[in-house]
S.K.: 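Right, I'll just put the structure down here and ask away after.
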Protein chains: 2
Amino acid sequence: MTASHRRPTTREVAALAGVSVATVSYVLNGKDGRVGEETRRRVLAAADELGYVRSSSARSLRLRRTERVCLVVGSIGVPAYDQLARDLSAAADEAGYGVMTIVVDSPARADKAVDLLRQHVADGAVVAPSVPLADAQLRALTGSRLPLVVMSNAVAPDGFDVVRTSEAAACVEAFDHLAATGRRRIAYLAHEHELTGRQPSERRDAYLDALDRHGLGPELVVPGADDRVGAYRAVEALLARPDRPDAIFAASDRAAITAILALRDAGLAVPEDVAVVGVGNLEEGRITRPPLTTVGPPAMDFHDVARLLFDRVLADETPFDREITTSWSFIRRGSA
Amino acid sequence: MTASHRRPTTREVAALAGVSVATVSYVLNGKDGRVGEETRRRVLAAADELGYVRSSSARSLRLRRTERVCLVVGSIGVPAYDQLARDLSAAADEAGYGVMTIVVDSPARADKAVDLLRQHVADGAVVAPSVPLADAQLRALTGSRLPLVVMSNAVAPDGFDVVRTSEAAACVEAFDHLAATGRRRIAYLAHEHELTGRQPSERRDAYLDALDRHGLGPELVVPGADDRVGAYRAVEALLARPDRPDAIFAASDRAAITAILALRDAGLAVPEDVAVVGVGNLEEGRITRPPLTTVGPPAMDFHDVARLLFDRVLADETPFDREITTSWSFIRRGSA
DNA sequence: CTGTTAGCGCGTTCAC
DNA sequence: GTGAACGCGCTAACAG
């Protein structure tokens, strides 16, 4: 492998091997049966000597395919997104594809993400931001014929697959359980985007509805579900209130787990003094004392999502739109 | 915007606007001053009408630049990697670049990652797998003139920048502190890759060294630092031993925090019965009871890394190799 | 059966 | 404001 400044091209390999570029391409792509053994060897030797590596841009241009997929998420470091990233990355790897990640944490970034996607930086995308894309943005993407899997409860399949969660019923069940066991003052520990976003939150709607149906006090919604430190502080603040809650429903398991800790640190018993319910069904909920009662899917995995995407990406003709719903349930353990 | 099957090209926009493709390109890239206002408007209108979006592959090919960077990490869902991903993503976003993520969790994947990188799927990369790349792999990458920032204590700059952490001294300090406060049986809660990998671990070396210097018992190294559930189980197992430890040094803060919980659940006092030290200096260590004593950087951020990379990526000529060392310290809070 | 010729994919930019 | 070359790999059609 000779050192040189410009990357060698198939032309140079061909020249060195004394063959045409076509032959080089056939050899390098394993299209054997078209090339004699001896020639094959010469080409490989030449490529090796020059340190030839094909240009992925040129290849993508010619193939009209990038062999990359894109993951659009709301943030990094959230259990569900991380798992999605892992599962998609594993599936991509298996298919010989790469993964681009775009973090969409503002409307401006959403626009930029849509632009990028329309420029065909990837052959398909899983779209799962915490704030769903606008209809117009989705249409822009399907308009550019990009294979798409959208994770959202707010849209129906329309040129793309949809993966949704049916969380409402399970949440209702959780709140009914809290009410039935005598909780009168239920606090809701919310994600930031539930408070600022325009999108409805099934969880919070279930909360408001339950308060209403059971004739329970004024709503008590505070932020703090996004991270553990925030959750701890939020719970501390809740406990300092004169109308201290006797139950906390946290929009994330991480926050709920932290709530249990904060309550214990404050000398309160869970669930006797304060009941705690989380969302997500993290493994970690099994090691708290008491174990965390939660609302969530049977297991956190996104193989389905990855499969839907690659079905579309690798398909010859556009497949029918599909829709998968993951049913959540109320998983009663010890904290409520 | 007319619906059509093939994506429109600059040629078609040019034709519709009655100008040349060169003009279209100039207009679309804001190279004004070369184009009259009226023409400009016509081009823009034509592009809009056709729903023109430029092909990023063609652009990359021509520009010899992908406007993408790559992040190579050992896994997803680990606090430090997640933060790195966030910081890199933010920097990339600002520069109008995208981020590809490659998860390298096996030697085979490392080879594939190096291949991809050599094919120029990105204009530069931050390489930070839990198991460092082999020298030959690094050389293969610098050989293809790829701007590179390597996070590793095991290599010296050589055509790439290196970001290292000086954790040894702080770890030694931590162990000395444990010994000085009378701990005689110190357990080490290790990452899986510390046990299986060939790479030396500064933390564990500091541990072994300390045992030796202070004449402390046989080593007690168990896996469990990788995730919270594993950490909880590992600590339970440690406590069931006849030679129960009186101190636990966990290779991650997440494990250390979990250890505190497990100890409390077992009815033991921290630090009186068992001292706990973590690694990483997570914010979360401030909300445990007692607050977590840890070894780590003053703050977990990777702006430096991102800056180094983009300095290289955006530089006209290859800059000098640089090396940044983040000094860790022993941060004594309540748990030891 | 083995290998070649030649054009294509599409945006960018220099010389006129 | 334009013509045309160029970046580089892929493959259909063709020749020996």
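Chain A is the first sequence line, chain B the second, and so forth, proteins listed ahead of strands; every chain is numbered from 1.
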S.K.: Look at the side chain of A/Tyr26 and decide which nucleotide, out of D/dA5, C/dG7, C/dT4, has an atom nearest to it.
M.R.: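 Looking only at heavy atoms from C-beta outward on A/Tyr26, the closest nucleotide is C/dT4.
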S.K.: Given C/dG3, C/dC10, D/dC8, which nucleotide is nearest the side-chain atoms of A/Arg34?
M.R.: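 Among the listed nucleotides, the one closest to the side chain of A/Arg34 is C/dG3.
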S.K.: Which nucleotide in the set D/dT11, D/dC10, D/dC6 lies at the smallest distance from any side-chain heavy atom of A/Ala22?
M.R.: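 Of the options given, the side chain of A/Ala22 lies nearest D/dT11.
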S.K.: With heavy atoms under 4.0 Å as the rule, sort B/Thr9 into base, sugar-phosphate or nothing.
M.R.: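 It contacts sugar-phosphate atoms only.
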S.K.: Check the distance between C/dG9's C1' and B/Arg59's CZ and give it to me in whole angstrom.
M.R.: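 Computing the B/Arg59:CZ to C/dG9:C1' distance gives 17 Å.
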S.K.: Nearest heavy-atom pair of B/Arg68 and B/Ser60: which atoms, and what distance?
M.R.: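 Of all heavy-atom pairs spanning B/Arg68 and B/Ser60, the closest is NH2-OG, 4.1 Å.
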S.K.: How many whole angstroms separate atom CZ of A/Arg11 from atom P of C/dA6?
M.R.: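 About 12 Å, once rounded to whole Å.
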S.K.: So, B/Ser20 versus B/Thr23: side-chain donor-acceptor pair below 3.5 Å or not?
M.R.: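 Per modelled atom types, B/Ser20 and B/Thr23 side chains form a pair under 3.5 Å.
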S.K.: Answer with base, sugar-phosphate or nothing: what part of the nucleic acid does A/Arg54 contact at a heavy-atom distance below 4.0 Å?
M.R.: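 Touches sugar-phosphate only.
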S.K.: Across the strands shown, which category fits B/Val19 at heavy-atom distances under 4.0 angstrom: base, sugar-phosphate, nothing?
M.R.: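 Since only primed, P, OP1 and OP2 atoms lie under 4.0 Å of B/Val19, the category is sugar-phosphate.
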S.K.: Rounding to an integer number of Å, can you tell me how far B/Arg6 CZ sits from C/dC8 C1'?
M.R.: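 Value for this atom pair: 12 Å.
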S.K.: How many Å lie between CD on B/Glu67 and P on C/dG11, as a whole number?
M.R.: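 The answer, rounded to whole Å, is 14 Å.
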S.K.: Report which part of the nucleic acid B/Leu28 touches: base, sugar-phosphate, or nothing (heavy-atom distance under 4.0 Å, all strands).
M.R.: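 Nothing, no heavy atom under 4.0 Å.
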S.K.: Cut-off 3.5 Å, side chains only: do B/Arg34 and B/Asn29 have a donor facing an acceptor?
M.R.: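 Note: B/Arg34 and B/Asn29 side chains miss the donor-acceptor criterion.
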S.K.: Within the 4.0 Å heavy-atom criterion, would you say B/Arg64 contacts the bases, only the backbone, or no part of the nucleic acid?
M.R.: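 Contact class for B/Arg64: sugar-phosphate only.
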S.K.: Can A/Asp115 and A/Gln119 be counted as having a side-chain donor-acceptor contact under 3.5 angstrom?
M.R.: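 No donor-acceptor contact under 3.5 Å links the two side chains.
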S.K.: Nearest to the A/Thr10 side chain among C/dC14, D/dG9, C/dG3, which nucleotide is it?
M.R.: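 Closest of the options to the side chain of A/Thr10: D/dG9.
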S.K.: In whole angstrom, give the distance that lies between atom CZ of B/Arg65 and atom P of D/dC8.
M.R.: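 Computing the B/Arg65:CZ to D/dC8:P distance gives 15 Å.
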S.K.: Can you name the closest pair of heavy atoms from A/Arg164 and A/Ser152 and give their distance?
M.R.: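 Taking A/Arg164 first and A/Ser152 second, the nearest heavy atoms are CB-O, 3.7 Å.
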S.K.: Whole Å only: how far is the CZ atom of A/Arg62 from the C1' atom of D/dA12?
M.R.: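 Distance, rounded to whole Å: 9 Å.
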S.K.: Taking atom P of D/dC8 as reference, at what distance in whole Å does atom CG of A/Asn29 sit?
M.R.: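 Result: 17 Å.
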S.K.: Under 4.0 Å, counting only non-hydrogen atoms across every strand here, what does A/Ser55 touch: a base, just sugar-phosphate, or nothing?
M.R.: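 It contacts sugar-phosphate atoms only.
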S.K.: Does A/Thr23 make a side-chain N or O approach to OP1 or OP2 of C/dG3 shorter than 4.0 Å?
M.R.: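 No, because none of the side-chain N or O atoms of A/Thr23 sits under 4.0 Å from OP1 or OP2 of C/dG3.
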S.K.: Rounded to whole Å, please give me the gap between CG in B/Leu63 and P in D/dC8.
M.R.: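 Rounded to the whole Å, the gap is 12 Å.
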